[in-house]
2 protein chains.
Amino acid sequence: MLLDTETHANGSSEESLSRAERRDIQIKRILEAAKTCFVRSGFQGASMHQICAEVGMSPGALYRYFPSKEAIIAAIAEADRKHDAEMFALIEQAPSIFEGIIACAMAHIRHTHLDGNAAMFTEIRAESMRNELVRDTCLQCMMDVENDFRVHLERAIEAGEIDPVVPLESLLGILMSIGEGIAINDLPSRNITFDEIETALRVSLGALLRPRDNAIATRT
Amino acid sequence: MLLDTETHANGSSEESLSRAERRDIQIKRILEAAKTCFVRSGFQGASMHQICAEVGMSPGALYRYFPSKEAIIAAIAEADRKHDAEMFALIEQAPSIFEGIIACAMAHIRHTHLDGNAAMFTEIRAESMRNELVRDTCLQCMMDVENDFRVHLERAIEAGEIDPVVPLESLLGILMSIGEGIAINDLPSRNITFDEIETALRVSLGALLRPRDNAIATRT
DNA sequence: TCTCAAAGAGCGAACGTTCATTCTCAAATT
DNA sequence: AATTTGAGAATGAACGTTCGCTCTTTGAGA
């Protein structure tokens with residue numbers, strides 16, 4: 001019986017992958033391992049050797065996939081912020097702008113609560129204060145999200161659906177800040193329930209936005 | 001003409017300082033220079049040689065004042081958090097708990113807006129996720145502040161001065177998070193005025209706390 | 001008031017280590 | 001045969017820290 005070269009074999013778990021597919025898998029493995037290391041030691045604190053050890057790969061091999069440590073950092077920062085941006089697209093599907101904002105905020109908070117996401121998030125923010133590449137990535141994503149929000153908020157204001165207590169631009173900044181503050185502090189890890197957070201958000205954002213029909217609180 | 005040894009001379013600008021005083025001055029200079037470097041490059045990114053260059057001091061000299069780089073980081077983190085804690089003592093002097101909280105939050109936001117304070121703050125937070133010394137310092141200060149707040153809030157709740165929509169512990173976490181979120185995002189640098197921020201805070205925290213007499217907004 | 005040993009402050013070269021990255025070469029895949 | 005993938009030793013730079021040294025300040029005894 002001749003063993004097929006895996007190119008056109010089948011049945012087993014990891015065969016018949018094209019070069020490009022194998023490459024993608026390796027890249028994903030590297031990014032995942034790097035994230036683990038970065039959460040543990042920070043961008044500057046984690047060494048390439050540690051990342052190599054975590055992937056189970058030699059430096060020579062790793063450098064075939066990423067040209068530098070900074071490239072890995074940039075890739076991670078970009079992936080993380082892209083994920084955030086996609087999450088904020090939730091606002092599209094909501095029945096009202098108020099519900100949309102609450103949904104976005106809660107999704108963000110739930111996601112940041114997972115794994116080392118709060119630490120990674122904090123690290124990215126800190127790095128963005130000095131690393132130009134990371135800063136640009138963050139700024140770009142933030143702008144995308146804010147632009148999205150701006151359009152929706154503007155439309156809702158004109159339609160009389162909400163009547164915010166501060167001008168649009170200030171409102172944008174404040175909404176983002178509140179969401180981010182609760183997210184990075186990872187309140188659920190301090191035994192504050194998602195329900196309580198949602199209640200607080202509904203009440204405070206409700207007061208800020210003043211939606212027409214006052215269906216704000218889920219409970220008193 | 002004999003030049004006086006500065007010990008008992010006078011008239012010039014920097015004379016007749018005791019050893020201890022000179023030492024304190026040098027320590028302050030080092031901390032200041034280190035802060036500049038840390039804001040520029042992060043805790044891990046800034047090297048001792050860079051700090052030496054910034055102070056205008058050799059490594060040998062610098063190590064007479066601090067036994068290690070981590071000791072400098074710890075000193076900076078502690079000073080920063082202590083300053084925050086002192087600021088939060090503003091709550092004592094306010095006419096009501098609501099006004100006290102608003103005053104604390106605004107003071108915090110104003111302070112974070114100065115110099116590189118937002119960057120430093122972010123860096124300290126990131127470092128506290130992995131450096132035990134920094135974590136303990138942060139936790140200790142946060143606990144001090146929260147304990148202070150807890151006492152006041154509890155008293156105000158029992159007196160019927162406020163009627164928060166969420167339980168005390170959750171309220172504490174949420175208030176802190178909102179303040180911190182606005183602070184580290186440094187909204188004033190994005191042309192959002194202090195007045196607008198204060199209005200937003202009054203409205204949203206007002207809705208959260210529900211103070212008895214509804215004198216919340218400074219303006220509509 | 002003067003002298004002098006002790007202590008403190010500062011310098012800058014040098015230490016051993018670790019870093020990100022590169023090089024050379026072998027194995028595997030096409 | 002040609003190309004891709006991988007290993008792992010090697011590279012030079014940079015790191016935090018220490019060392020041996022000089023110069024200055026200090027304070028007690030003469």
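Just so we're on the same page: letters track the sequence lines, and every chain starts at 1.
For the residue pair Asn185(A) and Arg125(B), a side-chain donor N or O sits within less than 3.5 Å of a side-chain acceptor on the partner. No side-chain donor from either of Arg23(B) and Gln26(B) sits under 3.5 Å from a side-chain acceptor of the other. For the residue pair Asp136(B)/Gln140(B), the side-chain donor-acceptor check at 3.5 Å is not satisfied.
The separation between Arg29(B) atom CZ and dA9(C) atom C1' is 12 Å, rounded to whole Å. Here dT22(C) presents its P atom at 15 Å from NZ of Lys69(A), a figure rounded to the nearest Å. Counting to the nearest Å, the P atom of dT21(C) and the OH atom of Tyr63(A) are 3 Å from each other. For Arg22(A) and dA28(C), the CZ to P distance is 13 Å, given to the nearest whole Å. Rounded to an integer number of Å, the gap from CD of Glu21(A) to P of dT5(D) is 13 Å. Whole-Å rounding puts the Phe66(B) CZ to dA9(C) C1' distance at 15 Å. At whole-Å resolution of the value, CG in Leu62(A) and C1' in dT5(D) are 13 Å apart. Atom CD in Gln50(B) sits about 11 Å away from atom P in dA14(D), given to the nearest Å.
No option in His108(A), His111(A), His113(A) other than His108(A) meets the ring-ring contact (aromatic ring centres under 6.0 Å, His included) test with Phe121(A).
If you check dT29(C) for Watson-Crick or wobble pairing at under 3.5 angstrom, you find it paired to dA2(D).
A salt bridge is defined here as a Lys NZ or Arg NE, NH1 or NH2 lying under 4.0 Å from an Asp or Glu carboxylate O, and Glu198(A) with Arg202(A) meets this definition.
Panel note: side chain Glu123(B), backbone Ala126(A); no donor-acceptor pair is recorded below 3.5 Å.
In this structure, His83(B) has its ring center at least 6.0 angstrom away from the ring center of Phe88(B).
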Return a single string for nucleotides 10-16 of chain C, one symbol per nucleotide in 5' to 3' order, where B is base contact, S is sugar-phosphate-only contact and - is none, cutoff 4.0 angstrom on heavy atoms.
BBB----
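Taking side-chain N and O atoms only, Arg23(A) has a distance below 4.0 Å to OP1 or OP2 of dT5(D).
Nucleic acid contact for Ala46(B): sugar-phosphate only, since backbone atoms but no base atoms lie under 4.0 Å from a heavy atom of the residue.
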